[in-house]
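All figures in this text were calculated on a predicted structure; none of them were measured in a lab.
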Amino acid sequence: MSLKLPVDSQTGLSMDFQEIQNIVDHEIISQVDHQNLNDVVDNPTSEKLVQWIWDQLEGKLKGLYEIELAE
């Protein structure tokens with residue numbers, strides 16, 4: 001996953017990693033952890049999983065630029 005955000009001159013960060021982790025945990029991990037992916041995404045191909053992840057994070061993770069899924 002890549003974010004495209006400016007670097008804050010005070011903190012030297014674009015976004016705190018813990019904030020990113022909290023969003024991902026809430027929006028993605030909580031929905032798929034210990035679940036059959038077929039129950040979450042119909043026919044969960046890599047392409048469909050990436051689209052589902054994007055849909056879950058879009059608007060919640062500012063600066064979302066790209067998602068890469070490795071099999």
Next item on the list: Answer yes if I29 and V50 sit in the same cluster of Ile, Leu, Val, Met, Phe, Trp and Tyr residues linked by side chain heavy atoms under 4.5 Å apart, and no otherwise.
Entry: yes

Notebook entry, point to check: With sequence neighbours left out, what residues match E58 under salt bridge (charged side-chain N to carboxylate O under 4.0 Å, His left out)?
Noted result: none

Margin query: Restricting to non-hydrogen atoms, name the atom on P44 and the atom on N38 that form the minimum distance, rounded to 0.1 Å.
Written below: CD-OD1, 2.9 Å

Note to self: To the nearest 0.5 Å, what is the distance between CG on L61 and CD1 on I67?
What the structure shows: 8.5 Å

Checklist line | Heavy-atom check, side chain of S30 versus side chain of D25, under 4.5 Å | finding: no

Check: Are side-chain heavy atoms of K62 and M15 found at a separation under 4.5 Å?
Finding: yes

Item checked: ILVMFWY cluster, L37 and L69 together (side-chain gap under 4.5 Å) -> yes

Notebook entry, point to check: Any idea which heavy atoms bring G63 and L5 closest together, and the distance?
Noted result: CA-CD2, 3.6 Å

Next item on the list: Answer yes or no: does atom CG of D42 have more than 12 heavy-atom neighbours from other residues, nucleotides or ligands under 6.0 Å?
Entry: no

Next item on the list: Find the distance between OG1 (T45) and CD (Q51) and round it off to the nearest 0.5 Å.
Entry: 10.5 Å

Check: Do you know which two heavy atoms are closest between W52 and Q31, and how far apart they sit?
Finding: CZ2-OE1, 3.6 Å

Next item on the list: Measure the CD-CG distance between Q18 and D16 for me, rounded to the nearest 0.5 Å.
Entry: 7.0 Å

Check: Any side-chain heavy atom of H26 sitting closer than 4.5 Å to one from I23?
Finding: no

Item checked: E68, CD: over 12 other non-hydrogen atoms inside 6.0 angstrom -> no

Item checked: From K60 atom NZ to D55 atom CG, the distance as rounded to the nearest 0.5 Å -> 9.0 Å

Checklist line | Validation row: Y65, L3 side chains within 4.5 angstrom (heavy atoms) | finding: no

Notebook entry, point to check: Considering only heavy atoms from C-beta outward, does the side chain of V24 approach that of M1 to under 4.5 Å?
Noted result: yes

Check: Could you walk me through whether D8 and L13 pass the side-chain contact (heavy atoms from CB on, under 4.5 Å) check?
Finding: CA-CA 5 Å; D8 184 291; L13 300 171; 5.7 Å; no

